[in-house]
Each structure stands twice: as structure tokens, then as C-alpha cells.
Asker: 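This is the structure I want to talk about, given as C-alpha cells.
Below, chain A is the first sequence line, B the second, and so on; all start at residue 1. Atom set for the values below is all heavy atoms of this structure, side chains included, hydrogens, waters and symmetry mates excluded.
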Protein chains: 2
Amino acid sequence: MNTAAKRPLTLRDVSDACGVSEMTVSRVLRNRGDVSEATRSKVLAAAKELGYVPNQIAGSLASQRVNLVAVIIPSLSNMVFPEVLNGINQVLEDTPLQPVVGVTDYLPEKEERVLYEMLSWRPSGVIIAGLEHSDATRAMLSNAGIPVVEIMDTDGKPVDAMVGISHRRAGREMAAAILKEGYEHIGFMGTKMPLDHRARKRFEGFTEGLAKAGIEIEDRAFYSGGSALAKGREMTQEMLERSPDLDFLYYSNDMIGAGGLLYLLDQGVDIPGQIGLAGFNGVELLQGLPRQLATMDACRIEIGQAAAKIILNQTMDTPDPDLPNQVTLTPTLSFGDTLRRRRR
Amino acid sequence: MNTAAKRPLTLRDVSDACGVSEMTVSRVLRNRGDVSEATRSKVLAAAKELGYVPNQIAGSLASQRVNLVAVIIPSLSNMVFPEVLNGINQVLEDTPLQPVVGVTDYLPEKEERVLYEMLSWRPSGVIIAGLEHSDATRAMLSNAGIPVVEIMDTDGKPVDAMVGISHRRAGREMAAAILKEGYEHIGFMGTKMPLDHRARKRFEGFTEGLAKAGIEIEDRAFYSGGSALAKGREMTQEMLERSPDLDFLYYSNDMIGAGGLLYLLDQGVDIPGQIGLAGFNGVELLQGLPRQLATMDACRIEIGQAAAKIILNQTMDTPDPDLPNQVTLTPTLSFGDTLRRRRR
DNA sequence: TTGAAAGCGCTAACAC
DNA sequence: GTGTTAGCGCTTTCAA
């Protein structure tokens, strides 16, 4: 094993070390073409002995093939996105493709920068969260000449492929479920994030759903920053002081919902009798609360898997033309212990 | 804007479009050397018009410079690691360096694979979690000829630079604090992860700390998989049924600690009078629980920042030789509401 | 089964 | 200020 490599080793070094042409060394290292078992093992031994690590930069330039998949997401703190990544990883695990993650912080300009940066590495595909992008971003995506999958959301028109759920519908269905249980005085709490289009669409769907029954949200509040659990507590307290007649609270995510739940249990409020609660996402994290919060699963893993499969399919020599490239998954509503009202 | 690029554009295309040599176009696009304002704007206009995206693969090969920093961590689900990433991002944000993340799932073989994969892109530096690696991994790290920062842990000898906390000491200090409050019958709960060396070291430090006072852990339990909150609940219940005399429970992470806390509050146990509790990590996530869990901050953001600064410094033309490359941060103990025993 | 030549798209180094 | 030349370290292609 080489102990002090200042200059990284090249194929040339391996070639010299074992007396086999660079070309053949290259073939051995990539398992390409027929190489006699004798030379093969000679080369492998030399490469290992030297501690040779191939230079993918040179390799990719020569072969015009890059085994990277750009994955662009708004955040890593949200738990939702790491789970999507897990789905992607699962599918790409035993393939030559490798995901490379970029984070946008929900900022369109940063999304643009990150995408540009990643495209300059000429990846084999792009998986990007959301359907709303700047014109420049959309242009880059459609001109890149590689498969593009927009994920998480299906309320809109994709550049190429699309995998996700309808957040608008999710909001509507939650509204319907709440009304069906007999709740009528509804408050909403969410993040103050004009650029979180999925949260916005859920909210819109929700108000639509209520409107069909002639009902309006009676109070609402938005937060930004800080611990979601703590915010859920605070906001719930404030809202109920302001609007004591509310009998249902819909939270835009499970974490603030959990904060609200803990607060109300502290206060000895009867849940779901006096007040019902629901969140969104179905984060496994929260199993283990004193009561299970009603929520709607966002199909994160499945989304990641389906997106990765679409990219993978396109990189194959003979892509399956039947693999759908518009996938709408259906989130399931779990009632938990906070939505089924005991009849009065 | 080009609308149907099958073949990606090259510098050549831009050069042709604006009648300026490739070399000058390259200079403009990289803000290198003196270029007259006239040609400059001509080139920029042409590049934008065509939608040209530079090919970093070719660029890096030619310049022998790659602005990537390999970041290798065990997991993305642990929240701890995304926070470290945030610290790294903050520092690298306005530099040419770009982090690229690889995940090992706590598996040494996978760590080896991921590192090999990343090194083959010839990054400018490596930030890798932990000090325990396979021989092959260590060899690759020391032969790579680039700065390497091992993070999170400082109980051991690094290949090159190191930034973290002493988990052994963290364990010892927690033991001391607990004893000082007068607790004597102590149980431990943690993850069943022989490869999580930091958790192991904390545990070792903890038992050492107790041993100095002639005290031994009276019960212990380990879990794997599932929702940590739920596991904390279950395990706490089981442990107290098995060992009803315990007066303190030390959890290897805040999430299971929170589960235990919620369970005990449900049961109406007096905390911290009858039973005291502590976790580890200081996850902001949990602010908002009915009681604040005692914990120890793992300095995640700071670790990320310091590590990135070390890499950044090394990539500069004239690195500051005084920047320390062994940084041991000191975690702070927060007592919360679950460790200060009311005197009996 | 193996090797030699050419070139991937860009930039360092040097001319002009 | 701008252009020319010669590679970077591989793989493709074709010849042996």
C-alpha cells in the first residue's frame, strides 16, 4: 500500500506496475470486455497494492457518462425530505447510480443556483421537489436533455415526469372527515412560508372543502422558526384564548399538532370530545405520544422509490416504455385518537 | 434560449455565437484575468441566450481542481447529522466549495465503498464522522493527499484533523451530576448499535463515572428500530416493572428519553423527586414537552462549522498555519426539569 | 485477448 | 486584452 501519495495515482502507474497496457488495466477495473484471468488478477493485485483510486472525472469526460442523480430538496431539517432520500437510496443502492443532494431552503433563487451547479456536473437525471420553479429553472430542466422527475406534488404540470400526492385533495379530504365527525368551529395553524407551495395547496384544499359545507375557518395563525413542538403549544394556547368556541384545530404539520395535543392534555381538555385535532405527514417519530394524532400520510418513501425507478429506467439501454411517468399516490387518513368524536 | 438541446452546449458554441475565442469566453465565465467590458457583456449575453451550462467535468480535469467537499455521515434520520450539515453549509455557503453527502448506515464496509466512490471524484477535502474506520478506509484517507477532518468524537487519534466532543467525558460528567443530586439506583437505556462508537463511549464514560463512587448500573436495556418515542415509553415501563427501585434513568438519546418522560408523567410519577431522567443531544425538537428533559448538548452546528473552516483554510492559497486542527468542544449540561432533585 | 491512437471539453501557460 | 497550443486521465474505436 502506497504510504505517501502526493500526486494521485493514475492508470499509468498501475500499468507500469504490472506491465499491462493502460487500456487493459482500464478494462479490468471496469469489468469490460474479455480479459484473460491471468492478466486480470495481475492488474487487480497491482491496483490494490498501490491503493489506486480511479479518476471518475477523467472517466466521465471520456465516456460522456456520469452516474450521478441530482436530488434537489428544500430542506434537510424537515424529516420529510430525508425520508424521501431513503426511498431514493433504496432503489439506487445496487445500481451504478448515485444520488447527490442539494438543498434550496425553499428559496427559488437558491434552487436556481443549486440546479445550475449540479447540471454542470452533467448528471444522468434530476429529481426535484415541487412543481413551482422560476422560469430559468424550468428552462434549465427542459434543456438539460436528461430525465427530470418533479416530486411530492401533483397539482400542476411537470416539465417531464412527476410523482407525488395531491395536496389540494389531501386538504379537501381532511375537511370532509372533520365535518363528517360533526365539528363546526375550526381553527388552522401552520408555517408562515409563502414559498411552501404544498402547505399552501393543502390549506386551499381545506378551505374549499369546508366552503362546500358553507363553513369557514374561524381563526388561523402562522409561525416561523423555533421548535415546532413549542410553537404548537404556544399558538394553541393563544388561539383558544382568542377563540374559545373552536371545536377543531387543523395543523399544517404533525410537530405543531403534537405541541398542541400536549398542551391540551395538560389543560385537561377532552380530546376529541371537546376539541378535535389533526396534523399532516404521518411522521413515525411521534408514535409514542399519549394520544395518537390524526394525520395523513404523505407517502414519502414511496415517492422517493418511484422517482428513482423512473430515472433508473431511463438510463437503461432499453427503457421500459410502459413505466408511467406521472404517478399520483393516495395518502391515507389515520384517525388516531383525536378525530373520531364521541357522539354527544 | 435554446429550446431543444439534445447535445449539451460547449464553450465552442458560445464562442461561435459571439465571435470571441473559447479561451476568452472561459475567462469571462470564470471572472478570471482582464477582459474588456465590451467583450465581457457580449459573451455573457451569448451564454445566457443559448442557455449554456459549463461542463465542470472537463473544467476540473483541465484545472486539476475540484470544488467538492466529501461529507460522510452514518445516517440522515438521526437529526444530529442534518444539523452538522447545516453548520458545514453555513460556512461553505459563500465559497466555491460545495459539500457532497454520503451515508454509511453505520456500516464500515459501506463507509469504505462510499469513501472510495467520493475520492474517485477527487474532492478538495473530506469530512467524515467518527474516528473508528476500517484499515482500508484509514489508508484511503491518509493517501488521498487532501485535508481530512474526522468529526463528532475526539476520543482517539485522527488521521489528520479532528473536531468534536469527548463522549467519554460527557458520560462521566452526566454520572457525576446525577450522583451529586443524590440518585443512587440507576438504569440505562440505549440503542442496540455496536457500531455507534460515540454512544458506546458515552456509556463507558458513564459507568466509569459511577464506578468512581462505587456505584453500578442496576438495569439496562437496548432497542433497535421503530419510533424512538414509542420505544422509550415501552422500555421505561418494562424496566420499572422489572426494577421498581430505580431512582434515575439515563437514556442514550433525547428521543427515547422523551418517550420515557411522557410515560412517567402519564403514570403520575413524581419527576424528578421519585425518579430523575436525562438524555443526550439537546435536540431543539423537543422543547415544548410538558417538562424539559435534562440533556447534554452535542455541539452539532459548531462541529460542522469548525470542520468546514479547516477544509476551507487548507484550500486557500496561503492557509493560516495557526488555525488549530484538533478542536475539542465542551458540551453543556442542561438540567431541565428532570435532574435537580428536590431535597428530601 | 490486447494495444495504439484519438479525443472528451475545458484551462494553464505562454505568445501576441 | 486576446488568442494559440498542449495537455488533464481516462475511454472509444479500431487495428493487430
Asker: Only counting residues at least two apart or in another chain, list the ones meeting side-chain contact (heavy atoms from CB on, under 4.5 Å) with A/Asp155.
Answerer: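 Applying side-chain contact (heavy atoms from CB on, under 4.5 Å) to A/Asp155 gives A/Asp153, A/Ser166, A/His167, A/Arg168, A/Lys201.
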Asker: For the atom pair OG1 (A/Thr318) and CE (A/Met316), what is the distance rounded to the nearest 0.5 Å?
Answerer: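 Here the interatomic distance stands at 6.0 Å.
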Asker: Identify, with sequence neighbours excluded, every residue that meets side-chain contact (heavy atoms from CB on, under 4.5 Å) alongside A/Pro54.
Answerer: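 side-chain contact (heavy atoms from CB on, under 4.5 Å) check on A/Pro54 returns A/Tyr52, B/Tyr116.
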Asker: OP1 or OP2 of C/dA4 versus the side-chain N and O atoms of A/Ser21: is any pair under 4.0 Å?
Answerer: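 For C/dA4, neither OP1 nor OP2 has a side-chain N or O of A/Ser21 closer than 4.0 Å.
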Asker: Any non-hydrogen side-chain atom of B/Pro74 less than 4.5 Å from a side-chain atom of B/Arg198?
Answerer: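 Contact flag for B/Pro74/B/Arg198 side chains = yes.
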Asker: With a strict under 4.0 Å distance from non-hydrogen atoms of chain B, what nucleotide opens and what nucleotide closes the contacted stretch of DNA chain D, reading 5' to 3'?
Answerer: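 Extent of the interface on DNA chain D: D/dG1 to D/dG9.
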Asker: Just how far, in rounded Å, is C1' of C/dG7 from CD of A/Gln64?
Answerer: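 So the two atoms are 10 Å apart, to the nearest Å.
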Asker: Would you kindly give the CG-to-C1' distance between A/Leu61 and C/dG7, to the nearest whole Å?
Answerer: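 So the two atoms are 9 Å apart, to the nearest Å.
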Asker: Say you draw a straight line from CG of A/Asn325 to CE of A/Met162; how long is it, rounded to the nearest 0.5 Å?
Answerer: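 Nearest 0.5 Å value for the CG-CE distance: 9.0 Å.
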Asker: Which value, rounded to the nearest 0.5 Å, describes the distance between A/Ile72 atom CD1 and A/Ile151 atom CD1?
Answerer: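 A/Ile72 atom CD1 to A/Ile151 atom CD1 measures 10.5 Å (nearest 0.5 Å).
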Asker: Rounding to 10 degrees, work out the angle separating the end axes of the helix from C/dT1-D/dA16 to C/dC16-D/dG1 (five pairs an end).
Answerer: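 Taking five pairs per end, the axes differ by 30°.
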Asker: On DNA chain D, does the nearest nucleotide to B/Asp34 precede the nearest nucleotide to A/Tyr52 from the 5' side, or the other way round? Give the residue.
Answerer: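 So the residue in question is B/Asp34.
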Asker: How would nucleotides 11-16 of chain C be written as a contact map, 5' to 3', with B for base contact, S for sugar-phosphate-only contact and - for no contact, using protein heavy atoms under 4.0 Å?
Answerer: BBB---
Asker: Choose from C/dG3, C/dC8, C/dC10 the nucleotide whose nearest atom is closest to any side-chain atom of A/Thr24.
Answerer: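 Within the option list, the nearest is C/dG3.
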Asker: Salt bridge (Lys or Arg N to Asp or Glu O under 4.0 Å), that's the test. Do B/Arg7 and B/Asp13 meet it? Break it down for me.
Answerer: CA-CA 11 Å; B/Arg7 170 184 64 77; B/Asp13 297 308; 3.1 Å; yes
Asker: Check this for me, if you would: do A/Arg113 and B/Glu93 make a salt bridge, where the nitrogen-to-carboxylate-oxygen distance has to be below 4.0 angstrom?
Answerer: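 Looking at B/Glu93 together with A/Arg113, the answer is yes, because their closest N to O distance falls below 4.0 Å.
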Asker: For B/Asn55, which contact category applies under a 4.0 Å heavy-atom criterion: base, sugar-phosphate, or nothing?
Answerer: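 The answer is sugar-phosphate, as B/Asn55 gets under 4.0 Å only of primed atoms, P, OP1 or OP2.
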Asker: Using the side-chain contact (heavy atoms from CB on, under 4.5 Å) criterion, which residues pair with B/Asp16? Sequence neighbours excluded.
Answerer: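 For B/Asp16, the residues satisfying side-chain contact (heavy atoms from CB on, under 4.5 Å) (neighbours in sequence not counted) are B/Arg12.
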Asker: Using whole Å, report how far CH2 of A/Trp121 lies from C1' of C/dC10.
Answerer: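 Between C1' of C/dC10 and CH2 of A/Trp121: 12 Å.
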Asker: Which residue, A/Arg138, A/Glu112, A/Glu150, forms the side chain to side chain donor-acceptor pair (under 3.5 Å) with A/His133?
Answerer: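 For A/His133, the side chain to side chain donor-acceptor pair (under 3.5 Å) test succeeds with only one of A/Arg138, A/Glu112, A/Glu150, which is A/Glu150.
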Asker: In whole Å, what is the span from the CZ atom of A/Arg12 to the P atom of C/dA4?
Answerer: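 That distance rounds to 11 Å.
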Asker: Counting N and O atoms only, with roles assigned by atom type, does the side chain of A/Asn67 sit under 3.5 Å from a partner on the main chain of A/Leu97, one being a donor and the other an acceptor?
Answerer: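 Side chain of A/Asn67 to backbone of A/Leu97, a donor-acceptor pair under 3.5 Å: no, none is there.
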